[in-house]
Amino acid sequence: MTKHELPKAYDFKSTEPRIYAMWEKGGYFKPHNDPNKPGFDPTVKPFVISIPPPNVTGELHIGHAMFVSVEDLMIRYHRMKGYSALWVPGSDHAGIATQLMVERDLLKTEEVTREELGREEFVKRTWEWKYKYGNIITNQIRRLGASCDWDRERFTLDEGLSRAVREAFVRLYEKGLIYRGPRLINWSPGLKTAVSDLEVEYNEEDATLYYFKYKLADSDEFIPVATIRPETILGDTAVAVHPEDDRFKKFIGKNVIVPILGREIPVIADHYVSREFGTGALKVTPGHDPNDYLIAQRHNLPIISMLDVEAKVNENGGKYKGQDRFDARKNLWGDMKAAGLVIKTEPYHTTIPRSQRGGEIIEPMISTQWFVKIESLAKAALDAVRDGRIKIVPERFEKVYFNWLENIKDWCISRQLWWGHRIPVWYCPNNHMTVTREDPAQCAACGSKDIHQDEDVLDTWFSSGLWPFSTLGWPDETPDLKYFYPTSYMETGYDILFFWVARMIMSGLEYTGQAPFHTVYLHGLVRDEMGRKMSKTTGNVIDPITIMDDLGTDALRFTLLVGSTPGNDTNVGVKKVEANRNFANKIWNAGRFVISAIDSLHATRNVDAGTQADTYTGTHGDGTRSTQHDSSANWTLADSWIWARLQQLIRDVERQFQNFQYGQAGQQIYDFIWSDFADWYVEIAKEQMKNDATQLSTVGTLARVFDIAMRLLHPFTPFVTEEVWGHLREAVGQNAILSNLAKDWPNALIVAKWPEPREPEGWEEAKIADFELIQEIVRSIRNLRMEKGVAPSKKIAASFAGGAKTELLKDQSRVIASLAGLDSSLLAIHSSLAEKPKDAATLVVGSVEIYLPLAGMVNIAEEKSRLEKDLKEAESHIERLEKLLSSDFANKAPAALVQKERDKLAAYKDTAEKIKAQLK
RNA sequence: GGGCGCUUAGCUCAGUUGGUUAGAGCACUUCGUUUACACCGAAGGGGUCGGGGGUUCGAGUCCCUCAGCGCCCACCA
C-alpha cells in the first residue's frame, strides 16, 4: 500500500498545465451526447454557450478572464448536472482593430503603407498575421481553464461563417431590408471609413463658441450666428430662425451672404430653432450636421459637402481647398475677422463626437453606404424579451434594451476597409446590381460580363451577430444546429449589450425564426482596486497572465466570481487574489489531511482486523446516503452536524445557481470549507480518529464530505479541486475498507455527478442547533482562558452542570473531551456532572454551567464583575424579547418565528437565573 | 434632457421573495510554532447600513424625498 506523500503547499504552477492537458486529452470538453456520433440520444438536454469571440489579434485582459470564469463555471456546472454541455470557442476578425494593427506593423517593419501594398497583398498579409498570432488569445483562454470544445473552434472569416454572412446579406437584400444610398453618416477621417452610431462616443469637452455676422444681401444689417465649427460655414445653405422671433422675422425669405465665399443663401423659418439659445439664429450645414440635414429636407435646401474623406476642405471650400478642417477653421476665422464679420468667441463646454477606435473627432458627412432597415428586426427583438422568450439577468437591463431598440435607427453596415466580409454585390456599367449567394459571372439584369464587386466590407458586428448559429453550421441544417440551437445562455459584459447581444437577437429571430438563446447574463466591468477603469495610460492594468503566474488560475477565477454581482462593476486588487490563493492552499491541505486519514485508517485496521466492520458502506459515490444517519450508532454529534451542514450547503448553492447568484454560492462554499470543515470538523476528527469506536465513521465522513465539497467548488476553482480530488479518489480506491465509497466515482472530477439537493431530514436542524451550542461553549471557554492569560499549553479540567441541555453534553462528552486534548486554546475537560469545584470560574452558556478550576487565577471581585456583565447582557436580551413578544409581533408574525423567539427568551431567562445563583 | 447604478466596519465588497444581536476578505490588537496548512490557528476591537420622511408587528432590504459619486442613452447651434 502506497502512502500518499503530497507537498505541503499547493503547486499550481506544475498542476495547472498538467490538469488541463488531462482534461483535453480525456475528451471531457466535448458534449457527452454528440449528434454527429453513434449512440446519440436526442432526448438528452443540451446546454450551450457561444463564447463571445475575442479579437483574433487581441491579448488576454482582465475582461476576458471575467467572461471565461463565468462561462466556464456555467458550463462545468451543467456538465456535472448531466447536460450535454457544449461551449463553442472562436475568435473575431475584428475588422478595424486588426487592420489597424497590421497596418501599423507594416509601417514599422517594412515602411510600407496599406495603399502601397494594394488590397490583395494587404489582405494576404493580414491572414498571415492571423495564422501567426491568432492562437495567442485562445491559448491564453486555455490557461484560464476554459472547458471549450476546441474541435468546434470557429473564426468569423472562416469559409463556413463567410457563407453564413453571405446568406444573411442576400436574404435581407431579397426581402428589401437592405438598401444602398447617400445619407448623412458618421465618418472617421483617420480610418477613412463610415462607422455606425454605436461606434461614436460623445465626450464632454472644452471648446470654443464662435459668434459672427451673417450679412444681409440687400442691406447692411446682419444676423448674429454662433457655431463650434466655423469651417462648416463653407457648407452653409441657409440661416434658420424661429418663425415667431420678432428680432429676425423681418429677414425671413431674404438672402444672406456666406462669409468669404460670397454665396447667397436664404433665411428660413423653422420651429427647430430655439429663440433662447445662442443668438437665436442657426446656420444650416446639411452636409455636415444631422439636425441641419433634417432641416434641409424640410425646406428643400441644397446639400453641400465641403470635406473630403480625410476631412480636408474640398473644391466647395473656395480658397480653403486642401486645408485640414482645423486649419481651415483658423484661417477662415482669421479672414472673417479681417472682414469685420466676427463678433466674439467664448469658451464653451459641449459634447464632442469621437471615434471609439481612433479617438479622433468624427465628422458627419454625406456618403453612399449600405444600410439595414432595422424597424421590423427591432420589433421582433423587442417582443422576444417582452414576452419572456429571452430573459435578461439582471432584469434592469431589459429596460435599457427596450429603450435602445425603441429608438434605433437604420444600421450602416458598410465599412471602407479591406479586412472583412466583402459586400456580395456586383455592379455593371449599366448600373445594375447583382446580389447572389455565389459569385456571379455576369450581370443578372443585362448579362454584362463587365462587372465588379463592391469595394466595401461589412461591419464586424454583422458577422458576429450570426455567431450563435453560424458556428453551428447555419445556413445548413447540420446535426449540430438541430440539436444545439437555440443555445442556452448568452454571457457577456453589459457594455456590448447593443453592439452584439441585441444584434444577435435580431439576427437570430430573422434568420432562424428562433431566439438564439433563452437567457442573457450580463457581468460588470472589472476595475482596479480603487474603482477606476483599467487603462494602459493610467498604468493600473492588472494583467491576468501575471496574476496567474504569481498566484494561480484558481485564485484569479475565484476572485472574479466571488464578491461580484451580476451587472455590477467589480473592483479587483492583488490583495483579493492573494487571499484566494490562500484558499486554494487551504483546500489542498485539507485534502492532504483527509488523504492521510484514509491512509492511516488502512494501517490501523490491518492490525486490528475483525474487531470492526471492515468495509464502509455509508454512502453512494455521489454523496447520497444509503444508510440512515440515526442507524449509524457511531456517528457523533460532529459527524451529524457536518453532514447536515453539507446538505444545507448543497441546497443553498443550488438555489443560488438557479438565481445566477454565483458569487454568493462561492462565498458559502468557501465558508463551509474553511470554517465548518477545516476549523471545526477536521480538528474534532483528529480526536475521534484516535478512538476505535469512531475512527471508521470519522474517516468515512471526512472522505464523503470532502468529496462533495470538491464537487461543489469545482466550477469555481477547477484546477485545485481536480488535483486534490484525484488524490482523494486514489486514496479511497486503494483503501480496502473505503474503496466501496469510490466505486461510482468517474476518472475525473470534471465529469463527476453534481450533488443534488435533498429534502432536509428531520434530525438535521436539531443536530445543527446542538453543535452550535457546543461551539458557543468552546468559544466562551477559549475566551475565558485568553482573558485569564492561561498558557495555551496548560491543561485545565472543566465540569458541566445544568438543565435539560446537559443531557446533550453527557451524550457528546467525547466531543468535548476530544477538543480538550488537541486544541491549543482548549484544555482537558471532564464532562462529568459535578458540583462546583472550589476556586473555579463559572461560565453560563444557554442553560449550561461550566466550571473551570483556575487555581490561583480566580479573583473573586473580577469573577463577580464578569458574571454581572454577562447577566446584564442576558437581561437586556430578556427585556428586548419580552417587549417584542408582547407586541403585535406575537399575533402577526409567522408562528414558527414567534416560537423561536419564545425559545430564545426562555434560554436567556435560564441563563440569567443561573448567573444570579452563582452571584449569591 | 431622459434612464440606471452606487453610497453598509479603516479599505474592497457581499447581504435573492422584509424576520435573531448586519457578514466576509484585507488591515488592526493580543496569544500561539499542537504531526493538513504560518499561504496557519485561537481570542478580540471596529458599523446610528449617505440624510430625512413614510408603509409595516418588524426595514440595510419596500415607497417618497434630498445629497454625493459613477455609468448609459439623447440632434440644441
Side-chain angles (χ1 to χ4, degrees), chain A residues 6 8-10 202 209 225-229 232 240 272-274 276-285 289-294 348 350-351 364 394 396-397 399-400 403-404 407 494-495 497-498 524-525 529-531 551 555 559 562-565 567-573 575-576 578-597 655-656 658-661 663-664 667 670-671 678-679 682-683 686 779 782-787 789 791-793 821-826 873 876-877 880-881 884 887-894 897 900-901 904:
Chain A
L6 301 174
K8 277 178 93 163
Y10 170 55
Y202 294 87
L209 190 56
V225 174
T227 182
I228 290 169
R229 298 181 294 159
T232 62
Y272 170 76
V273 182
S274 151
E276 298 76 32
F277 195 83
T279 64
L282 174 70
K283 66 187 273 302
V284 181
T285 321
D289 185 283
N291 292 313
D292 297 3
Y293 184 73
L294 295 173
Y348 194 67
T350 189
T351 54
R396 72 183 126 91
F397 282 101
K399 219 157 143 187
V400 181
N403 185 265
W404 187 71
N407 299 297
Y494 65 74
D495 53 327
L497 177 62
F498 306 143
L525 270 37
E529 64 266 88
M530 299 168 80
L551 300 166
T559 304
V562 174
S564 73
T565 303
N568 278 15
D569 293 353
T570 171
N571 299 354
V572 170
K575 281 274 169 80
K576 281 190 192 176
E578 269 170 9
N580 291 323
R581 181 270 321 261
N582 296 351
F583 180 47
N585 193 54
K586 189 76 184 178
I587 293 162
W588 173 254
N589 276 292
R592 282 177 66 214
F593 174 79
V594 174
I595 287 160
S596 73
R655 199 185 63 239
Q656 323 267 33
Q658 296 306 322
N659 293 329
F660 304 95
Q661 306 278 342
Q664 276 302 108
Q667 187 63 52
Y670 178 101
D671 290 341
D679 288 345
V682 164
E683 293 308 317
K686 285 174 183 171
R779 277 197 203 101
R782 286 171 176 168
N783 187 343
L784 188 67
R785 287 183 60 112
M786 279 296 270
E787 253 178 48
S793 51
L822 88 175
D823 193 281
S824 66
S825 306
L826 254 191
E873 200 192 323
S876 84
H877 281 295
R880 178 180 59 83
L881 287 167
L884 178 69
S887 72
D888 260 3
F889 172 79
N891 308 322
K892 299 195 176 172
L897 207 66
K900 223 169 149 186
E901 297 302 317
K904 240 184 296 177

*asked:* Give me the distance, rounded to whole Å, that separates B:rG23 from B:rG47 when you measure between the P atoms they each carry.
replied: 13 Å

*Using a cut-off of less than 4.0 Å, is there contact between a side-chain N or O of A:Tyr272 and OP1 or OP2 of B:rA77?*
no

Is there any protein nitrogen or oxygen under 3.5 Å from a nitrogen or oxygen in nucleotides 43-46 of chain B, and what are the pairs?
unit_1: B:rA43; atom_1: OP1; unit_2: A:Arg782; atom_2: NH1; d: 3.3
unit_1: B:rG44; atom_1: OP1; unit_2: A:Asn783; atom_2: ND2; d: 2.6

*Whole angstrom is fine here: how far is it from CG in A:Asn580 over to P in B:rU12?*
18 Å

*Check whether any side-chain N or O of A:Thr565 sits under 4.0 Å from OP1 or OP2 of B:rA14, and answer yes or no.*
yes

_Side-chain donor/acceptor of A:Ser274 to backbone N/O of A:Phe277, under 3.5 Å_ = yes

*Using Watson-Crick and G-U wobble pairs with both distances under 3.5 Å, what is the 5'-to-3' dot-bracket string of RNA chain B, with [ ] for crossing pairs and | for pairs outside the strand?*
(((((((..((((.....[...)))).(((((.......))))).....(((((..]....))))))))))))....

_C1'-based separation of B:rC11 from B:rG54 [nearest Å]_ = 34 Å

*Using the C1' atom on both, measure B:rU61 against B:rU56 and round to a whole Å.*
13 Å

*Taking the side chain of A:Asp679 as heavy atoms from C-beta outward, which of B:rA42, B:rA77, B:rC39 is closest to it?*
B:rA42

*Could you tell me which non-hydrogen atom of A:Leu497 sits nearest to which non-hydrogen atom of A:Phe397, and how far apart they are?*
CD2-O, 4.0 Å

*A:Lys586, nearest nucleotide to its side chain (from B:rG25, B:rU16, B:rA36)*: B:rA36

*asked:* Please report the distance separating the C1' of B:rC6 from the corresponding atom of B:rU12, rounded so that it comes out in whole Å.
replied: 14 Å

*May I ask you to say what A:Ala584 touches in the nucleic acid, namely base, sugar-phosphate or nothing, with a heavy-atom cut-off under 4.0 Å?*
nothing

_What is the separation between atom CD on A:Gln661 and atom C1' on B:rU17, rounded to the nearest whole Å?_
12 Å

*Would you kindly check whether a donor in the side chain of A:Lys904 faces an acceptor in the base of B:rU20, or vice versa, at under 3.5 angstrom?*
yes

*A:Tyr670 has an atom OH; how far is it from atom C1' of B:rC39, in whole Å?*
11 Å

*Could you pull out the closest heavy-atom pair between A:Asn568 and A:Arg396, with the gap in Å?*
OD1-NH2, 2.7 Å

_A:Tyr293: partners by ring pair (Phe, Tyr, Trp, His ring centres under 6.0 Å), with sequence neighbours left out_ = none

*So, does the side chain of A:Glu683 form a donor-acceptor pair with the base of B:rA36 at under 3.5 Å?*
yes

*Could you work out the separation of B:rU8 and B:rG15 based on their C1' atoms and round it to a whole Å?*
9 Å

*Taking the side chain of A:Ser274 as its heavy atoms from C-beta onward, which of B:rA77, B:rC37, B:rA24 lies nearest to it?*
B:rA77

_side-chain N/O A:Lys686 vs B:rA36 OP1/OP2, d < 4.0 Å_ = yes

*What interatomic distance, in whole Å, is found between C1' of B:rG32 and the corresponding atom of B:rA38?*
11 Å

_Over all strands shown, is A:Val562 touching base, sugar-phosphate only, or nothing at heavy-atom distances under 4.0 angstrom?_
nothing

*Which residues share a ring pair (Phe, Tyr, Trp, His ring centres under 6.0 Å) with A:Phe593, sequence neighbours left out*: none

*Nearest whole angstrom, please: distance from the P of B:rC75 to the CG of A:Asn407.*
9 Å

*asked:* Between the side chains of A:Glu578 and A:Lys575, is the shortest nitrogen-to-carboxylate-oxygen separation below 4.0 Å, so that they form an ion pair?
replied: no

*According to a strict under-4.0 Å criterion, is A:Asn582 in side-chain N/O contact with OP1 or OP2 of B:rC40?*
yes

*Of all the heavy-atom pairs spanning A:Val225 and A:Leu282, show the shortest one and how long it is.*
CG1-C, 4.4 Å

*Atom CG of A:Asn585 and atom P of B:rG41: how far apart are they, to the nearest Å?*
10 Å

*Report the nucleotide, chosen from B:rC37, B:rA77, B:rU16, that has the shortest atom-to-atom distance to any side-chain atom of A:Leu282.*
B:rA77

*Do any N or O atoms from the side chain of A:Asn589 and from the backbone of A:Lys8 form a donor-acceptor pair under 3.5 angstrom?*
yes

_Contact pattern, 5' to 3', of nucleotides 1-7 of chain B - B, S or - by protein heavy atom under 4.0 Å_ = --SSS--

*asked:* Could you check whether the side chain of A:Lys8 and the base of B:rC37 have a donor-acceptor pair of N or O atoms closer than 3.5 Å, going by distance alone?
replied: no

*A:Tyr10 and A:Trp588 aromatic ring geometry - parallel, tilted or perpendicular at 30°/60° bounds*: tilted

*Among the candidates B:rC37, B:rC26, B:rU16, find the nucleotide nearest to the side-chain atoms of A:Gln656.*
B:rU16

_With rounding to the closest Å, how many angstrom separate the P atoms on B:rA9 and B:rA67?_
23 Å

*If we take the P atom in both B:rA74 and B:rA22, what is their distance in whole Å?*
45 Å

*Once you round it to whole Å, what is the distance between C1' of B:rC72 and OH of A:Tyr202?*
14 Å

*For A:Val225 and for A:Ala9, find the nucleotide of RNA chain B with the closest heavy atom, then tell me which residue's nucleotide is more 5'.*
A:Ala9

*Are OP1 or OP2 of B:rA77 and a side-chain N or O of A:Thr350 less than 4.0 angstrom apart?*
yes

*Just checking A:Ala579: base, sugar-phosphate only, or nothing, at a heavy-atom cut-off of under 4.0 Å?*
sugar-phosphate

*When you measure from the side chain of A:Asp289 to the backbone N and O of A:Asp292, does any donor-acceptor pair fall under 3.5 Å?*
yes

*Going 5' to 3' along nucleotides 54-59 of chain B, which nucleotides have protein heavy atoms under 4.0 Å from the base (write B), which only from the sugar-phosphate (write S), and which from neither (write -)?*
---B--

*Considering only B:rA36, B:rC75, B:rC76, which nucleotide approaches the side chain of A:Asn291 most closely?*
B:rC75

*Spell out, as yes or no, whether a donor-acceptor pair under 3.5 Å connects the side chain of A:Asn585 to the backbone of A:Arg581.*
no

*Nearest-angstrom distance from the residue atom CD of A:Glu578 to C1' of B:rC37*: 17 Å

*Closest approach of A:Gly280 to A:Val273 (non-hydrogen atoms, all atoms of both residues)*: O-CG1, 3.3 Å

*For the pair made of CG in A:Asn589 and C1' in B:rC40, what is the distance, rounded to whole Å?*
9 Å

